[in-house]
Structure formats: C-alpha cells, structure tokens
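Worksheet: one structure, shown below.
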Amino acid sequence: MERSFEQTAEILLRLSPVEVANLKEGINFFRNKSTGQDYILYKNKTRLKACKNMCKHQGGLFIKDIEDLDGRSVRCTKHNWKLDVSTMKYTNPPGSFCQDELVVEMDEENGLLLLELNPPNPWDSEPRAPEHLAFGEVQVTYLTHACMDLKLGDKRMVFDPWLMGPAFARGWWLLHEPPSDWLERLCRADLIYISHMHSDHLSYPTLKKLAERRPDIPIYVGNTERPVFWNLNQSGVQLTNINVVPFGIWQQVDENLRFMILMDGIHPEMDTCIIVEYKGHKILNTVDCTRPNGGRLPENVALMMSDFAGGASGFPMTFSGGKFTEGWKAQFIKTERKKLLNYKARLVKKLQPRIYCPFAGYFVESHPSDKYIKETNIKNDPDELNNLIKKNSDVVTWTPRPGATLDLSRMLKDPTDSKGIIEPPEGTKIYKDSWDFGPYLEILNAAVGDAIFLHSSWIKEYFTWAGFKDYNLVVRMIETDEDFSPFPGGYDYLVDFLDLSFPKERPSREHAYEEIQSRVDVIRHVVKNGLLWDDLYIGFQTRLQRDPDIYHHLFWNHFQIKLPLTPPNWRSFLMHCG
C-alpha cells in the first residue's frame with residue numbers, strides 16, 4: 001500500500017541572530033515556547049549539532065550531567081541514562097542507542113532553524129528482502145560526470161545526463177569523453193532522473209538533442225520549491241513528459257523496480273537525491289546533496305555513489321583584495337578538499353555500502369580564458385578517496401571510466417570476479433582534448449548587442465524585476481572583457497539595495513560594499529533571459545571584492561535561487577523606450 005503523505009521538512013525551532021551569537025561552547029538548552037518542546041544544541045567552534053531533549057528510553061528530559069567535566073554529556077531525569085551530545089551516542093548504558101539528529105540550518109539573516117524531516121526513513125515503508133540476481137540482470141554503466149546508465153531487469157534508467165556542451169554558461173566543460181553511443185543510450189531509457197536545476201545535471205543542450213528524437217521520454221524530478229524545469233519554456237527544448245513527484249514516496253515502475261526521491265537537509269529548496277530499488281537491492285545516489293535526507297540514509301545498500309571532487313564554487317578563486325592572496329587561496333583550497341575527502345570517507349564507513357563509486361566531479365575549466373581558474377581550482381582525486389575508504393573499511397570501491405560497466409550481481413557475489421567490472425575497450429578515449437566552444441559562445445555573444453542594452457534604463461528595469469531590496473548593501477557592477485578589464489562602452493554602475501536606487505556615488509552612510517566584475521557576454525545573457533546568477537558565480541565568470549569581507553547570504557541566495565520564475569518583459573520595456 002502506497003504512503004499517503006509526502007516527506008516534508010518541519011521547522012521545530014527558530015533562533016534569532018542574537019541568540020545564535022550568544023550560543024556558548026558546549027551544551028545549550030532551548031524550549032519552543034509555542035509548542036513546549038525542548039531541544040539541545042551542541043556547539044564546538046563553528047560546528048553545531050542538535051537533537052530533541054527527549055531520552056529514547058522512556059521520553060525523559062535531559063539536564064546537564066554534573067559529572068561530565070568535558071561539557072559534552074547530558075543526563076536523563078527519569079533513569080539517569082546519559083547522552084554524549086558531541087557524538088549523539090548514549091554512554092550509559094553503553095552501546096544502547098544513537099540519538100536522532102535534527103537538521104541545523106542558518107537562515108537568510110544569520111538566525112538558525114532546527115528542521116526535522118518527516119518521516120525520517122521513508123525507505124523503510126513496505127520493506128522487501130533482497131532476491132537472487134542473475135549475472136547481467138543489473139548493470140551500471142558510467143557515461144560521464146554524474147550520468148549513469150542503469151539496466152534494471154528489462155528497464156533502463158539514466159541519471160543526470162550532461163553529455164554535450166558547457167555547464168554554468170561557459171565555465172564548466174566535460175572532463176571525460178562520453179561513449180560514442182550516448183544518444184542511443186538515452187533514447188533507449190525508460191525513465192530519466194534529474195536531481196536538480198544546475199546545468200551540470202540539467203543540461204539543456206543534451207536534452208535538446210534527446211528531445212529531437214524522444215520528446216515524450218519520461219523524466220522524473222523531485223517536488224522542490226524551485227522547480228527543476230522552471231526555465232523549460234524559455235529553453236526551447238520540447239519535452240512533454242516531465243513528472244514532478246513528492247519526496248519520500250516509492251514510485252513503482254514495475255513489480256521489481258521502484259525508486260524514491262529524497263530532499264537535501266541543507267538545500268531542500270533545490271537539491272535532491274535518489275534511492276533505486278530492484279528486487280530488494282538498493283542503489284543510493286546522493287548526487288550533490290550537502291546533507292542528503294538530513295543525514296539519515298539507508299545502510300548496507302548494494303551500491304552507493306556520490307560527488308567527491310569539490311571545486312564547484314566561485315570561492316575563493318574569483319575573489320581578490322585583503323586576505324585573498326594566492327598563498328591564502330591555495331591553502332584554503334587544499335584544506336577544504338581534504339575536509340571533503342575525510343567527510344566522504346566517514347560517510348561511507350558509517351553507511352557501509354557493499355560498493356562505493358565517486359562520481360559527479362569530472363569537469364574542467366577548459367576554455368583558454370579560464371586558465372587561471374583551471375590551475376587554481378584543484379579538485380580531489382577519486383583514487384585518493386577510494387584509498388582512504390579502503391584504509392578504514394572493507395567497502396569495495398569503483399573509479400568509473402566512460403563506458404565501463406559494473407555487473408552488480410557478480411560484484412555482490414565476488415568482488416574479485418574479473419567480469420564484475422568491464423572496462424572500455426583498449427584504446428578508448430577517456431579524456432576530452434577538444435571542446436566545441438564556438439556554438440555556445442555565439443549564443444552568449446548574441447546578447448551583447450541586444451537592443452535592450454542601448455537604453456541605460458535596463459538597469460533599473462532588471463533590478464526592479466529581480467525584487468531584492470531593504471538590505472544595507474551597495475554593489476558596484478562592472479561589465480568587462482575576457483580578461484576582466486572594463487568593456488569598451490560597457491556599463492559601470494552602483495546599486496543601493498537598501499532602497500533599490502542607483503546612485504552616481506557610494507552613499508555617505510555606513511554600508512557593506514561589494515564590487516562585481518562580470519564578463520559582458522555572460523552578464524548580459526543572464527540579464528536578458530532572467531537566469532540565475534549561478535552562471536556567473538559557479539561558472540567563474542566574475543571577479544569579486546568586498547568590504548568588509550562578509551558573505552552576504554541573503555543577497556546571493558536571492559540571485560542564485562529566488563529570482564522570479566518568469567523572465568523580464570523586455571518587449572514591453574523596448575516599446576516603452578521606443
């Protein structure tokens with residue numbers, strides 16, 4: 001029987017920015033006065049963990065454990081059970097339970113939210129015992145980046161097909177050469193899962209090619225706040241069978257195959273992951289989720305795949321001034337990549353999948369103008385992660401190459417089976433050494449001379465449409481050439497977001513300031529089409545300075561996620577101008 005309700009993220013507690021600033025190191029107790037529910041927050045420098053203040057034994061209330069000198073334990077008032085909040089493990093009695101963690105998320109004004117995903121483990125509904133798999137019955141073929149082709153009995157499923165063209169305007173290009181039959185593989189698919197709207201997963205150039213042959217191919221996405229296909233009509237891609245499904249509910253494909261889409265605990269408005277189950281054997285794909293399903297995931301799945309590489313942000317490569325020296329950037333990148341490797345290794349050790357595959361990180365900044373980014377933006381090596389996993393667990397790892405196929409039944413029976421993983425034929429081209437830049441740069445360049453930019457009033461029109469204001473930030477926007485020098489005849493202007501005005505000089509009041517230099521072809525393409533600023537920021541098409549050196553989450557979050565779903569009405573604008 002199907003579940004009758006969708007998985008949701010419920011806000012249990014809100015803390016104001018002042019309350020967040022006053023959090024003390026160690027254990028903090030809070031009560032939601034409107035519901036009467038109690039919560040515990042544990043702070044260790046910048047790390048926060050949270051749980052309900054309710055013992056799993058018989059629901060007793062925790063208080064501070066006066067015998068704990070480290071400030072990490074709480075004691076239940078009913079039966080003296082003890083919980084180490086830094087690990088969420090019960091220490092008395094030892095080995096008994098683990099406390100269920102809540103999702104901790106900062107809001108747009110540096111306040112804090114405690115979230116609970118409900119239900120927490122929706123995959124446990126209608127459990128199925130694993131059945132026997134014949135050799136060749138379940139095969140997983142890597143195509144490129146985050147794109148996998150799954151043969152599941154007599155059905156075929158494809159994940160996140162980015163197989164041609166760039167992502168993020170012109171900043172990302174495929175590292176691997178996809179198999180030559182990639183389009184035929186897509187056309188044979190019974191269904192396609194697209195995890196989120198970022199263009200290295202939702203690739204309109206790829207889908208346009210597919211739609212020319214199979215416009216009605218079933219495509220499945222999660223019911224995110226920002227629709228995955230929000231820009232479909234404007235893209236010109238003719239797809240007619242897009243299915244938006246609720247979170248945490250099994251979607252039955254046939255008697256043996258079902259899948260479930262789950263939300264990300266940190267970015268539930270846009271990121272998703274998926275569990276595919278065939279004859280009781282689960283395949284978990286966490287994709288790009290920062291905290292998939294709030295950190296609660298199925299253990300001992302047959303196959304787990306996740307991102308691993310890092311480098312998917314404009315920070316800190318595109319920043320300058322102040323601390324942002326080349327030495328500081330290099331050390332920061334090295335440290336962050338190491339943190340990501342260790343996190344992924346710990347996650348794999350915790351979940352104990354039978355097989356783990358690192359993917360969704362095989363991109364390169366290949367355009368010559370982005371040489372600096374390519375040299376600076378060092379990414380993790382998948383073999384380094386796999387070696388780290390092997391040191392800490394018995395999990396089998398697979399570093400995929402384009403066209404390589406994993407036979408799940410063979411690998412589950414005997415990981416040393418020489419036929420368990422079939423590599424591409426000898427001589428197969430693995431890495432791309434050329435990219436067809438021309439057609440995609442022409443699309444961007446077409447925006448540079450568009451009629452709307454003949455009228456300086458486009459600036460007010462655009463930012464009024466964007467709808468961000470009442471924030472004490474002044475931004476200087478500068479249109480540049482390829483080398484980030486001022487574009488001849490380009491615009492250089494100020495936007496005061498406190499009252500959404502466009503002053504000639506910075507206001508005399510105290511205010512935060514940010515300078516954003518943007519390549520003219522990309523910024524005008526984004527403005528003209530009402531696109532999200534990820535093309536600018538994640539695509540490395542900007543150079544940024546800020547004073548003071550503060551990340552303005554509210555500002556960037558708006559332009560990266562919350563812009564209106566409908567593009568600006570430039571036709572009306574030109575009629576008014578002309």
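Contacts of Asp414 classified as side chain to side chain donor-acceptor pair (under 3.5 Å), with partners at least two apart in sequence or in another chain: Thr416. Looking at residues two or more places apart in sequence or on another chain, you find no ring-ring contact (aromatic ring centres under 6.0 Å, His included) involving His267. With sequence neighbours left out, the ring-ring contact (aromatic ring centres under 6.0 Å, His included) criterion links Trp230 to no other residue. Residues satisfying the ring-ring contact (aromatic ring centres under 6.0 Å, His included) criterion with Tyr220, sequence neighbours excluded, are Phe259. Residues satisfying the ring-ring contact (aromatic ring centres under 6.0 Å, His included) test with Trp182, not counting sequence neighbours, are none. Residues that satisfy the side chain to side chain contact (heavy atoms under 4.5 Å, CB included) test with Asp307, not counting sequence neighbours, are Asp288, Lys344, Ala360. With sequence neighbours excluded, the residues forming a salt bridge (charged side-chain N to carboxylate O under 4.0 Å, His left out) with Asp417 are Arg410, listed by chain and number. Among residues two or more places apart in sequence or in another chain, the side chain to side chain contact (heavy atoms under 4.5 Å, CB included) test is passed with Pro564 by Trp465.
Under the ring pair (Phe, Tyr, Trp, His ring centres under 6.0 Å) criterion, no residue pair touches residues 387-411, with sequence neighbours excluded. The stretch residues 138-158 participates, sequence neighbours left out, in these ring pair (Phe, Tyr, Trp, His ring centres under 6.0 Å) pairs: Tyr142-His176, Tyr142-Tyr362, His145-Trp162, His145-His201.
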For residues 437-452, which side-chain donor-acceptor pairs fall under 3.5 Å, sequence neighbours excluded?
from: Asn445; atom 1: ND2; to: Leu441; atom 2: O; distance (Å): 3.1
from: Asp450; atom 1: OD1; to: Ile452; atom 2: N; distance (Å): 3.2
from: Asp450; atom 1: OD2; to: Lys528; atom 2: NZ; distance (Å): 3.1

Cut-off 3.5 Å, no hydrogens considered: what does the side-chain donor-acceptor table look like for residues 146-155, sequence neighbours left out?
from: Asp149; atom 1: OD2; to: Arg185; atom 2: NH1; distance (Å): 2.7
from: Lys151; atom 1: NZ; to: Gly136; atom 2: O; distance (Å): 2.9
from: Lys151; atom 1: NZ; to: Gly153; atom 2: O; distance (Å): 3.4

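Between Asn121 and Arg296 the shortest side-chain heavy-atom distance falls below 4.5 Å.
By the neighbour-count criterion of 12 heavy atoms within 6.0 Å, atom NZ of Lys334 is sparsely surrounded, having that number or fewer from other residues, nucleotides or ligands.
Classification of the Phe559-Phe468 ring pair by plane angle, with boundaries at 30° and 60°, yields perpendicular.
The pair Lys350-Glu299 fails the salt-bridge criterion, with no side-chain N (NZ, NE, NH1 or NH2) lying under 4.0 Å from an Asp/Glu carboxylate O.
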(request) Kindly indicate, with the supporting measurements, whether the criterion side chain to side chain contact (heavy atoms under 4.5 Å, CB included) is fulfilled by Leu186 and Arg213. (result) CA-CA 10 Å; Leu186 289 193; Arg213 292 174 55 173; over 6 Å; no
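Between Trp172 and Phe168, the distance from one ring center to the other falls under 6.0 angstrom.
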